[in-house]
Protein chains: 2
Amino acid sequence: MNSPANFSSKTERLDRALRSGTLGDVAGILADMSPGDVAYLISSSPPDYRSVLLGLLSADQEALVVNELPDELRNATLINREPEALAEIVEQLDDDDVADILQELPDEVTGRVLAIMDEQYRQRLQKVLSFPDDVAGGLMSTDTITIRADLTLDVVLRYLRRHSEIPANTDNLVVVNRNDRFVGLLPIGTVLVSDPAVSVREMMITDQEAINAETSATEVARRFERNDWISAPVVDSTGKLLGRITIDDVVDVIREEADHSLTSLAGLAEEDTFAPVWQSAPRRAIWLGINLITALLASSVINVFQDTIEKVVALAVLMPIVASMGGIAGTQSLTILIRAMAMGQINGRNQLWLVGRESLVGLLNGLLWSGVIAITASLWFGDATLGVIIACAMLINLATAGFAGAGLPLLLRRLQIDPALAGGVLVTTVTDVMGFLAFLGLAALFYG
Amino acid sequence: MNSPANFSSKTERLDRALRSGTLGDVAGILADMSPGDVAYLISSSPPDYRSVLLGLLSADQEALVVNELPDELRNATLINREPEALAEIVEQLDDDDVADILQELPDEVTGRVLAIMDEQYRQRLQKVLSFPDDVAGGLMSTDTITIRADLTLDVVLRYLRRHSEIPANTDNLVVVNRNDRFVGLLPIGTVLVSDPAVSVREMMITDQEAINAETSATEVARRFERNDWISAPVVDSTGKLLGRITIDDVVDVIREEADHSLTSLAGLAEEDTFAPVWQSAPRRAIWLGINLITALLASSVINVFQDTIEKVVALAVLMPIVASMGGIAGTQSLTILIRAMAMGQINGRNQLWLVGRESLVGLLNGLLWSGVIAITASLWFGDATLGVIIACAMLINLATAGFAGAGLPLLLRRLQIDPALAGGVLVTTVTDVMGFLAFLGLAALFYG
C-alpha cells in the first residue's frame with residue numbers, strides 16, 4: 001500500500017537488473033511504472049544509463065515518458081528522429097505539449113511533422129503554435145468541452161455521454177455563446193449534484209474571468225495560485241474562446257520560475273543536473289569569466305592603496321572581512337527582491353519602501369557587527385585606530401549593500417535586464433569595491 | 001474580458017481610494033475581489049496598509065482571505081483573536097487549513113477553539129491534527145466522497161445528487177471496501193460519460209496507489225508533479241482511508257520548498273517580504289555573524305603570511321581574486337546539488353558521479369581562467385612568477401570548489417543538517433581558506 005516504498009523498491013530492483021545486465025527484467029519493471037516515474041528515473045540517471053533506459057520502452061510508453069522529461073533532455077531525445085516517428089510520438093500528447101516540442105525543433109523538421117498530421121489536428125495545433133510558449137496562448141490546450149447557456153443539465157449529461165472520455169483535468173465545462181465568446185463556467189460537480197431540469201445559465205459561475213491569450217505565463221501561474229484553479233479558459237482580445245490552461249502545465253511554470261531564480265542567482269545557465277562535463281564546463285565558464293573581470297575591478301581599487309598596505313600589513317589581513325560581510329548582506333537584500341519580483345509583489349506603491357527598509361536593515365546590522373569587529377580587530381592587532389577604521393568601513397558597506405541589493409534589481413528590471421541573472425554579479429561588485437575603498441581609503445586618511 | 005488588466009485597474013482604483021482616504025470605496029472594491037487576490041494585495045502591502053485593508057473586509061470574506069495569506073502573516077493576524085472569533089473564521093475553511101492554523105497557535109488557544117466546535121467536526125479535525133504538517137496526513141482534508149465497488153454508476157449518480165455540493169477539487173470518487181480500506185478511484189468524468197448500468201468495479205482505476213499518511217510533504221509534491229494528479233487518497237499503514245490531498249495544497253508545498261532553497265542559500269530565514277525593519281534586521285544578523293566568524297578564519301590564514309605580503313604587496317592586490325573565483329565556482333556546484341536534492345534526484349547510484357563531474361568541471365574552468373589570470377597578472381605587475389603562482393592557486397581552488405560544492409551538501413544531508421542553509425557558508429569558507437592558503441603559501445615558497 002505504501003507507494004513510496006513501492007517506488008523505491010522498484011528502483012532498487014531496477015538497479016540490480018541494470019547492473020547484472022538482464023535488460024529483459026529492466027524492461028518489465030519499466031513497463032509497470034507510470035510515465036512520470038520513468039521520466040524521473042531517466043532524468044536522475046547519468047547520461048550513459050539514459051539511452052539504455054529509453055531504448056527499453058515500448059513505443060506508446062515512450063511518447064508519454066518523453067513528454068514528462070525536462071525540456072532540454074526531451075529535445076535532445078527527439079531531435080534526431082525521423083518526422084514520421086516524431087509525428088507518431090507527438091500525436092499521443094496534449095496540444096500544448098506538442099506545440100512546446102515543435103517550437104524547439106528546427107523549422108524544417110516542424111514543417112515536415114505538421115505535413116504528416118491530419119488537417120483538423122494541424123489547424124488546432126497551429127492555433128497554439130502561433131503563441132510563444134511563455135504566454136497563456138502557448139500554455140493552452142484546445143481540447144475543451146464547450147456548451148451553450150440555454151441547455152438544461154439533462155441535455156448536457158446526455159451530450160457528455162456521447163464522448164468516450166472527458167479531457168484530462170476537466171473540472172469545468174466552458175459555456176460559450178453562438179459566436180464562441182466565453183460566457184461562464186459550469187463545474188462538473190454542479191452537473192452531478194443539480195436537478196437535471198435546470199438550465200446551464202442558472203447554474204454556471206461567472207465570477208472566474210477568462211485569461212487573455214497574451215497574458216504572461218508568470219501572471220497565469222500567479223492567478224492559478226491565488227485562486228486555487230484547476231483549469232482556466234483562454235480567450236483572444238475579443239473574448240472568443242481559444243482553449244484552456246490546466247494546473248499540470250501551471251505547476252511546470254511555477255517549478256521553472258523558481259528554478260530560474262535559484263540558478264540565475266548562482267550564475268548558472270539552465271542546466272541539466274546530470275549533464276556531462278563537456279556541457280557543464282563551458283556554460284559555467286562564462287559566469288566565472290564575468291566574475292574575473294569584476295574581481296579585477298575590485299583588485300584595481302586595492303592597487304591604489306599599495307603604499308598604505310605596505311605600511312600597515314594588517315590591512316591586507318582584515319580587508320576581505322569588510323568585502324565579505326557586504327557581499328552577504330547585499331545578497332540577502334537582492335534575494336528578497338528577486339523573490340518578491342518573481343511573486344509579482346513589487347509595485348509603484350512599495351518599491352521605495354523596500355529600498356528604504358533594506359538600507360535601514362543594512363545600517364542596523366552594520367552597527368551591530370561593526371561594534372564586534374572593532375573590538376576584535378583592536379585586540380588582535382593591538383591597534384584601536386584599526387578597530388575604528390574597520391568599524392566605519394563595515395557600517396558604510398552594509399548600508400550600501402542594503403541599498404544596492406534592493407535598488408539594483410529594481411533598476412535592472414526597468415532596463416529590462418533579468419535582475420536574477422545580472423543582479424548577483426553587480427551587487428557583489430558594488431560591495432567589493434565599496435568595501436575595499438571605504439576600508440583602505442579610511443586607512444590612508446588615518447595612517448597618512 | 002482581459003482580467004489581468006482588470007485586476008491591475010482594480011489595484012489602481014484601490015490605490016487612489018486609499019490615498020484619498022475614502023475607505024467606503026476601498027471596502028466596495030475589496031468586496032468585489034476574489035479572496036486570493038485580496039490576500040495577494042495585503043501581503044504585498046507595507047505593514048501600515050495591511051491592518052487597514054483587513055479591517056475593511058466582511059466577516060465571511062475575512063476568513064477566506066486570511067486562509068490565503070502567507071503562514072506567518074496569517075498567524076500574526078489570528079493570534080490575538082478571541083477563541084469564539086477564531087472558531088467562526090476557521091469553520092469556513094478546509095480541515096487541512098484549519099489544522100495548519102491551529103498547529104501554529106498556542107496549545108491553550110487551540111484547546112479553547114476545539115472546545116467550541118461541534119463533536120463530529122472536532123473528531124475529523126483531530127485526525128488531521130495528529131499529524132505534523134510536513135507529512136501527507138497533515139496536508140490532507142477529510143472531506144472525501146467515498147463509494148463501494150459493487151454499486152452501479154446510476155446509483156452513484158443518485159447518491160451524488162443527494163449532496164448539495166461536491167468538495168472542491170474532487171476529480172475522483174474514492175472507492176473503499178466495507179472496512180474502509182482503499183480499493184481504487186472512480187474519475188468523475190467516467191461517471192459522466194459511462195453507461196449508468198455498469199458497476200463501479202468495472203470502471204474504477206486501480207493503478208494510482210494511495211499515499212501513506214506518514215509520507216513526507218516533499219515526496220507527496222514530487223509524486224503529484226510526476227503524475228499530474230489533481231487529488232490523491234491518503235491511507236494509514238493498514239490501507240484504511242483517512243482523507244485526500246488536493247493539488248492546491250501541493251502547489252503551496254512546491255512554492256515553499258523552492259522558496260526555502262532560494263532564501264537559505266542567501267542566508268535568510270523565512271522572511272515576509274514586507275516585514276518591518278525590527279523583524280528583518282535581527283533575523284539576518286545571525287547569518288552575518290556566522291559569516292563574520294568564517295571571514296575571521298580566512299583572515300587568520302592571511303595573517304600567517306604577513307611577511308610575504310610585506311615583501312610583495314601585489315599579493316594583497318590579487319588575493320581576493322582567487323578567493324572570489326572559488327566562491328562563485330563553489331556556489332555553482334552547491335546550487336546544482338541543492339536543486340537536485342530538492343527534486344529528489346540524488347541517490348546512491350549517482351552521487352559519486354556528481355562529485356566527480358563537479359570536480360572535473362572546476363578543474364577545466366580552473367585551467368581556462370588560470371591561463372587568463374596568469375597573463376593578466378604577469379603583464380600588470382611585470383612579474384611572470386606572480387602569474388604562475390596565481391594560476392596554480394586558482395586551479396587548485398576551482399577544483400576544490402567543485403569537490404567541496406558537491407561533496408559538502410551530500411555530507412551535510414547524511415548528518416541531517418539542512419544543506420541549503422549550512423552549505424553556503426561552509427563552501428565559501430572552504431574556498432576562501434583554500435584560496436588564500438594556496439596563493440600565499442605558493443608565494444611564500446617562490447619568494448622565500
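Side chains included, hydrogens not; waters and symmetry mates left out as well; all remaining heavy atoms used. Chain identifiers are assigned alphabetically (A, B, ...) following the order of the sequence lines, protein sequences preceding nucleic acid strands; residue numbering begins at 1 within each chain.
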Any chance you could measure [X], atom [atom1], to [Y], atom [atom2], to the nearest 0.5 Å?
X: A:M343; Y: A:E257; atom1: CE; atom2: CD; value: 10.0 Å
X: A:L318; Y: A:W380; atom1: CG; atom2: CH2; value: 6.0 Å
X: A:R284; Y: A:L288; atom1: CZ; atom2: CG; value: 9.0 Å
X: A:W369; Y: B:N291; atom1: CH2; atom2: CG; value: 10.5 Å
X: B:N347; Y: A:S45; atom1: CG; atom2: OG; value: 7.5 Å
X: B:L364; Y: B:L367; atom1: CG; atom2: CG; value: 6.5 Å

Heavy-atom distance under 4.5 Å to chain A: side chain of [X], backbone, both or neither?
X: B:V372; answer: side chain
X: B:L292; answer: both
X: B:A285; answer: both
X: B:A377; answer: neither
X: B:E358; answer: side chain
X: B:L192; answer: both
X: B:L160; answer: both
X: B:S43; answer: both
X: B:L368; answer: side chain

Heavy-atom distances under 4.5 Å only: say whether [X] touches chain B with side chain, backbone, both or neither.
X: A:L262; value: both
X: A:E310; value: both
X: A:Y49; value: side chain
X: A:F274; value: both
X: A:S261; value: both
X: A:M319; value: side chain
X: A:P196; value: side chain
X: A:A298; value: neither
X: A:L296; value: both

Top contributor to chain A contacts, counting heavy-atom pairs under 4.5 Å, from [options]:
options: B:V313, B:L360, B:L315; answer: B:V313
options: B:A258, B:P187, B:A266; answer: B:A266
options: B:S300, B:A168, B:A323, B:P167; answer: B:S300
options: B:D252, B:I188, B:D171; answer: B:I188
options: B:A329, B:P35, B:G344, B:P276; answer: B:G344
options: B:G289, B:S194, B:A314, B:A39; answer: B:G289

Could you tell me which of [options] has the largest number of non-hydrogen atom pairs under 4.5 Å with chain B?
options: A:V250, A:V301, A:D228; value: A:D228
options: A:D195, A:V220, A:D32, A:T335; value: A:T335
options: A:L398, A:I230, A:V251; value: A:I230
options: A:V191, A:I166, A:V193; value: A:V193
options: A:I254, A:I346, A:L363, A:T331; value: A:I254
options: A:S324, A:G362, A:S299; value: A:S299

Pairwise side-chain contact, [X] with [Y], heavy-atom cut-off 4.5 Å (strictly under):
X: A:D432; Y: B:P320; value: no
X: A:L354; Y: B:T273; value: yes
X: A:D207; Y: B:S34; value: no
X: A:I211; Y: A:F224; value: yes
X: B:F381; Y: B:V317; value: yes
X: B:L268; Y: B:R283; value: no
X: A:I302; Y: A:I309; value: yes

Judged by atom type as modelled, is there a donor-acceptor pair below 3.5 Å linking the side chain of [X] to the main-chain atoms of [Y]?
X: B:E68; Y: B:Y40; value: no
X: A:N169; Y: A:I247; value: no
X: A:N227; Y: A:R223; value: yes

Donor + acceptor pair across side chains of A:N350, B:S44 (<3.5 Å):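 There is no such pair between these side chains.
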